[in-house]
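Sharing a structure, written as structure tokens. Questions coming.
Numbered from 1 within each chain, the chains take letters A, B, ... in sequence-line order.
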Number of protein chains: 2
Amino acid sequence: MIPDISPAAVPTEDETALRRTPSQKRSRERVEHILACATALIQEKGSDAMRMSEVAEKAGISIGSLYQYFPDKAAIVQTLAERYNAVCNECIAAELAKVTSLAELRDAFCVLFDIYYDMFLAEPVMRDIWSAMQADKALREIDLQQSRAGGKLLADVWARLVPDTPREEIDSAAFLIMHLGDCTMRLAVSVDRPEGDQIVEAYKRMIIRDFVADGPGGGAGLIDISGVRS
Amino acid sequence: MIPDISPAAVPTEDETALRRTPSQKRSRERVEHILACATALIQEKGSDAMRMSEVAEKAGISIGSLYQYFPDKAAIVQTLAERYNAVCNECIAAELAKVTSLAELRDAFCVLFDIYYDMFLAEPVMRDIWSAMQADKALREIDLQQSRAGGKLLADVWARLVPDTPREEIDSAAFLIMHLGDCTMRLAVSVDRPEGDQIVEAYKRMIIRDFVADGPGGGAGLIDISGVRS
DNA sequence: TTGCAAATGTGAGAGATGCTCATGTTTGTT
DNA sequence: AACAAACATGAGCATCTCTCACATTTGCAA
């Protein structure tokens, strides 16, 4: 049920963080191998404690070869992050593709966040990488872009279901929902299991209210509710 | 309106991160001075780029004296973070103290998040410190504790207003609300101004629905809503 | 097959930074 | 005045990221 998220499962797309695009087969495999070794080391001791010399040693290559492809340590983290993000976006797009009503949107979100939660639980490396990204200004930008990308997917669907709402408001609400979804998942996996489950459920309930078609402010609760002071 | 949040304004409380508790007046002042200089450097270039040698130089002391009081670089960040957190908790407590109804709770939250947002806008150092904390496992724990502390303040008030709700559910919902409030603020100050304002407003609307006394699921929306699949 | 340029591989070491420790100085107390 | 405890110092150790001059391999054309 959880999508395969291992580095090997997500082949080279953009890889904007690479220093040189490997053209020969040997070096293309090498890049994959480096990423796999780095992932293992991050899982073992965390990306902060992971040393570039260790990555090279584990991959059976020299430190110089490592830097041939990755301009710095952050580039490894960035590449892994982009691959994880791509997987997440595919999940989101797949789940939203079926939606044709607010009720379905509600259901899709429940499923989506369950998958998301399971992915985070199964892949501690994802958490570590996110932490590492927060410390670096350039990498933080990537995290924002990811929330924006997910938000756009949601906003496109949502806008069709509530056509009379200003697109700008939908956009920022969708952006916020996706970003806080991320935050919730990371919070949930940071605490012990039963509490983490409760937290995910609480977030789902919170968001779902904004997709409910009936009731006051129906379908646009997050976007426009009367009686709220600005 | 924004509380004074400069290091000097929040005198020594616990300072659990200090290596040695300064007993003489000279060294107590020195610790304050170190923190002030560190704050200035973080504001100038970020905590990651801040060098321990720079802190010592700016404070006019030797590198050895610096390490006399702070066991490592993270301890400086931690001390500043604890002080900021203390200020935030005082704000929360002050705002919640007046609350005697769900409607007042709703208003208190609007005010609280406005203050919070202004604080983040006025103090870029707070953002930087939070980023630095995320990269370090021990410091991340402090961030969680902060959300828990704020959540407890909220839960105590909330539990009185909806007495028939299981305390456990209130706790995790309150924890989540405070934590996501933090996340929202940091998101809001990471984007350009008008969008940041919209994001804060959207979060307030989202949370407020759960404090609204009338309407379906009134007063406990986040905690228990019928028809939600688990 | 041979020759050659481009691609790839190598690792010693330069440069930078967090932090220690042996030693010197100041403070408060008797 | 004498002494212990607190405080201050900075050269230097340990560690880590990343570079660069040089060696090797690959793909391809003659």
Original post:
Quick one: bend of the helix from C:dT1-D:dA30 to C:dT30-D:dA1 from 5 pairs per end, to 10°?
Top reply: 0°
**OP:** Apply side-chain contact (heavy atoms from CB on, under 4.5 Å) to the pair B:Val189 and B:Tyr117, showing each step before the final yes or no.
**Re:** CA-CA 8 Å; B:Val189 295; B:Tyr117 185 40; 3.9 Å; yes
**OP:** Could you tell me whether the phosphate oxygens of D:dT9, OP1 or OP2, come under 4.0 Å of any side-chain nitrogen or oxygen in B:Ser65?
**Re:** yes
Original post:
In whole Å, what is the span from the CD atom of A:Gln68 to the P atom of D:dA23?
Top reply: 16 Å
**OP:** Send over the distance from B:Phe70 CZ to C:dT20 P, rounded to a whole Å.
**Re:** 15 Å
**OP:** Please identify each residue that fulfils salt bridge (charged side-chain N to carboxylate O under 4.0 Å, His left out) with B:Lys137, with sequence neighbours left out.
**Re:** none
Original post:
Listed by chain and number, what are the salt bridge (charged side-chain N to carboxylate O under 4.0 Å, His left out) partners of B:Asp156, not counting sequence neighbours?
Top reply: B:Lys152, B:Arg167
Subject >> CE on A:Met185 to OH on A:Tyr203, rounded to 0.5 Å >> reply: 8.0 Å
Subject >> For atom NE2 of B:His33 and atom C1' of D:dA8, their distance in whole Å >> reply: 16 Å
Original post:
What pairs of residues pass the salt bridge (charged side-chain N to carboxylate O under 4.0 Å, His left out) test when at least one of them lies in residues 141-150 of chain B, not counting sequence neighbours?
Top reply: A:Glu195-B:Arg148
Original post:
Please walk me through it: do A:Phe109 and A:Phe113 pass ring pair (Phe, Tyr, Trp, His ring centres under 6.0 Å)?
Top reply: CA-CA 6 Å; A:Phe109 253 81; A:Phe113 281 123; 5.3 Å; yes
Subject >> Aromatic plane relationship, A:Phe120 with A:Tyr116 - under 30° parallel, 30 to 60° tilted, over 60° perpendicular >> reply: perpendicular
**OP:** Round to the nearest Å and state the distance from A:Leu66 atom CG to D:dC20 atom C1'.
**Re:** 16 Å
Subject >> Protein proximity profile, nucleotides 14-19 of chain C - base contact B, sugar-phosphate-only contact S, no contact -, cut-off 4.0 Å on heavy atoms >> reply: ---SSB
Original post:
What integer distance in Å separates B:Ile61:CD1 from D:dT9:P?
Top reply: 7 Å
**OP:** For residues 175-189 of chain B, pull every pair meeting salt bridge (charged side-chain N to carboxylate O under 4.0 Å, His left out), keeping only residues two or more places apart or in separate chains.
**Re:** B:Asp182-B:Arg186
